[in-house]
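Working notes, structure below.
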Amino acid sequence: MQLARIDDTSDYLIAPDPQAPRLTRSVAGTDQDGMAVTASVVEERPLTIFLNAQEIVTAMTIGDYPDYLALGFLRNQGMISDADEITGVDYDEELETVIVRTARKTNYEEKMRKKTRTSGCAVGTVFGDMMEGLEGVRLAPALVRTSWLYSLSARINRTPSLYLEAGAIHGTVLCSGDRPLVYMEDVGRHNAVDKIAGWMLSEQVSADDKILYTTGRLTSEMVIKTAMMGIPVLASRSGFTAWGVEIAREVGLTLIGRMKGRRFVCLAGEERLVRDADPSDVPDEPRRAGRKGAA
């Protein structure tokens, strides 16, 4: 199995743009030998999300796709649904705000009081009653070919990205079979997931046959968000938390972690894996290739 060309992003619907303005800046410093160096560092800026007239949250983000981030955040927090009529998404770059407007009147003051901090980096939050939304969730029993996993891992981790340009960032990719479709990055993995959720909501994309790939830990928050989006498979280069595994097993989500080269570990949904690739035929990941598993 050959590794994908590092510059080939032609079949992505959305791919990272490491050279996009405002996402990084060059900062002068010195190295371990006291020599002058210039480092490319990721920008981080606030984005305040409103739902109709109510301020919901201020998230720290790199600043791209604010409309998808707002829609996805509200969707994943259960504040809007696929059935809602979205009448407008208004972004003000100067004020660093985005307002999502719905035909339905909304009031989430009580829900806001239940907001709690989670293990997500940056400002990851999940509301106290979010677990209640999982009670009726049963994901599609989608089969997963191991050949897809190997192909996706090789392709995604060699795609030009902000991570490879500057580091200090997480990536999340929506995939179909062995094809990566939408690749989002942000300073918090929850933001990257929310951008994908917002894109899916905006484009009315079905989740039943999709795979979500993330560079971050497979925590309870990541599993909950994936399940709430209706995606039946979640995979990562990184490891697991016990609660994340328990929730995945409860809702029927296939959970695969520690995906590096020919290696991976499946802790939920093993019965849906189709082992159609011989691991010995898969090139192991070179020490310097790709990215490290993000924390």
Side-chain angles (χ1 to χ4, degrees), residues 1-20 23 42 62 64-65 68 142 144-197 199-200 205 207 209-218 222 225-226 229 231-240 254-266 273 276-277 279 282-295:
M1 184 180 297
Q2 293 185 343
L3 300 180
R5 288 174 53 196
I6 196 169
D7 59 348
D8 180 14
T9 59
S10 60
D11 60 350
Y12 281 89
L13 300 178
I14 298 178
D17 183 3
Q19 307 307 318
L23 299 186
V42 173
I62 60 175
D64 66 343
Y65 303 106
Y68 292 151
V144 186
R145 296 184 176 274
T146 57
S147 60
W148 296 348
L149 298 177
Y150 291 131
S151 178
L152 290 171
S153 180
R155 176 71 181 280
I156 291 168
N157 290 292
R158 288 160 180 82
T159 296
S161 62
L162 280 174
Y163 175 85
L164 295 180
E165 176 75 16
I169 200 165
H170 289 277
T172 300
V173 189
L174 181 70
C175 310
S176 179
D178 63 354
R179 180 190 173 192
L181 302 176
V182 175
Y183 188 154
M184 297 291 191
E185 294 182 287
D186 215 303
V187 288
R189 59 185 175 272
H190 50 278
N191 285 351
V193 174
D194 287 343
K195 288 177 187 176
I196 286 179
W199 178 83
M200 293 178 69
V205 172
D209 61 343
K210 300 299 187 295
I211 298 170
L212 194 66
Y213 178 97
T214 178
T215 60
R217 299 185 305 274
L218 297 172
M222 290 297 295
K225 287 198 174 196
T226 304
M229 292 162 66
I231 297 175
V233 184
L234 176 60
S236 174
R237 289 178 61 79
S238 194
F240 312 81
T254 301
L255 193 65
I256 299 162
R258 301 174 186 167
M259 274 179 54
K260 297 178 183 178
R262 61 172 63 103
R263 297 171 293 143
F264 67 81
V265 176
C266 179
L273 282 183
D276 65 335
V282 179
D284 208 1
E285 189 171 286
R287 184 179 298 272
R288 295 185 179 181
R291 67 164 78 215
K292 296 179 180 178

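Within the 4.5 Å cutoff, the side chain of Leu181 has heavy atoms near those of the Lys210 side chain. Inter-residue side-chain proximity for Phe240 and Val265 is flagged as met; some heavy-atom pair is nearer than 4.5 Å. You'll find the side chain of Pro180 stays beyond 4.5 Å of the side chain of Tyr213, heavy atoms only. Looking only at side-chain heavy atoms (C-beta outward), Asp11 and Arg155 come within less than 4.5 Å of each other. The side-chain heavy atoms of Met229 and Val193, taken from C-beta on, include a pair separated by under 4.5 Å. Inter-residue side-chain proximity for Val233 and Trp148 is flagged as unmet; no heavy-atom pair is nearer than 4.5 Å. No side-chain heavy atom of Val144 sits under 4.5 Å from any side-chain heavy atom of Cys266. Looking at heavy atoms from C-beta onward, Ile231 lies in side-chain contact with Leu174 at the 4.5 angstrom threshold.
Heavy atoms only, all atoms of each residue included: Ile211 and Gly177 are closest at CD1-O, 3.9 Å. Nearest heavy atom pair, residue Tyr183 against residue Gly171, reads CE2-CA, 4.1 Å. Taking every heavy atom of both residues into account, Thr9 and Ala15 meet most closely at CB-CB, 4.0 Å. Across all their heavy atoms, Tyr150 and Gly261 have their closest contact at CD2-O, 3.5 Å. Minimum interatomic distance between Ser238 and Gly216 (heavy atoms only, all atoms of both residues): CB-O, 3.4 Å. Between Met222 and Thr226 the shortest heavy-atom distance is O-OG1, 2.8 Å.
Rounded to the nearest 0.5 Å, atoms CG (Leu218) and CG (Leu255) are 5.0 Å apart. The structure places CD1 of Ile256 at 8.5 Å from CG of Leu234, a figure rounded to the nearest 0.5 Å. Here Ile196 contributes atom CD1 and Asn191 contributes atom CG; the two are 12.0 Å apart, rounded to the nearest 0.5 Å. In this structure, the separation between CE on Met184 and CD1 on Ile14 is 4.0 Å, given to the nearest 0.5 Å.
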Evaluation steps, side chain to side chain contact (heavy atoms under 4.5 Å, CB included), between Asp194 and Lys225: CA-CA 8 Å; Asp194 287 343; Lys225 287 198 174 196; 2.9 Å; yes
From CA spacing to verdict: side chain to side chain contact (heavy atoms under 4.5 Å, CB included), Asp186, Tyr65: CA-CA 10 Å; Asp186 215 303; Tyr65 303 106; over 6 Å; no
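Without hydrogens or angle criteria, Ser153 side chain to Leu149 main chain gives no donor-acceptor distance under 3.5 Å. Judged purely by atom type and a 3.5 angstrom limit, Lys195 uses its side chain to pair as donor or acceptor with the backbone of Glu185. Ser236 contributes a side-chain N or O that, together with a main-chain N or O of Thr214, makes up a donor-acceptor pair within less than 3.5 Å. Between the side chain of Thr215 and the main chain of His170, no donor-acceptor pair closer than 3.5 Å is present.
Looking at Tyr12 and Thr159, their side chains do bring a donor and an acceptor atom within 3.5 Å of each other.
Partners of Arg262 by salt bridge (charged side-chain N to carboxylate O under 4.0 Å, His left out), not counting sequence neighbours, listed by chain and number: Asp284. Residues meeting the side chain to side chain contact (heavy atoms under 4.5 Å, CB included) test with Asp209, sequence neighbours left out: Ser176. A search for salt bridge (charged side-chain N to carboxylate O under 4.0 Å, His left out) contacts involving Arg145 returns Asp276, not counting sequence neighbours.
Looking at Ile169, Asp64, Asp17, Val187 one by one, the single match for side-chain contact (heavy atoms from CB on, under 4.5 Å) with Leu162 turns out to be Ile169.
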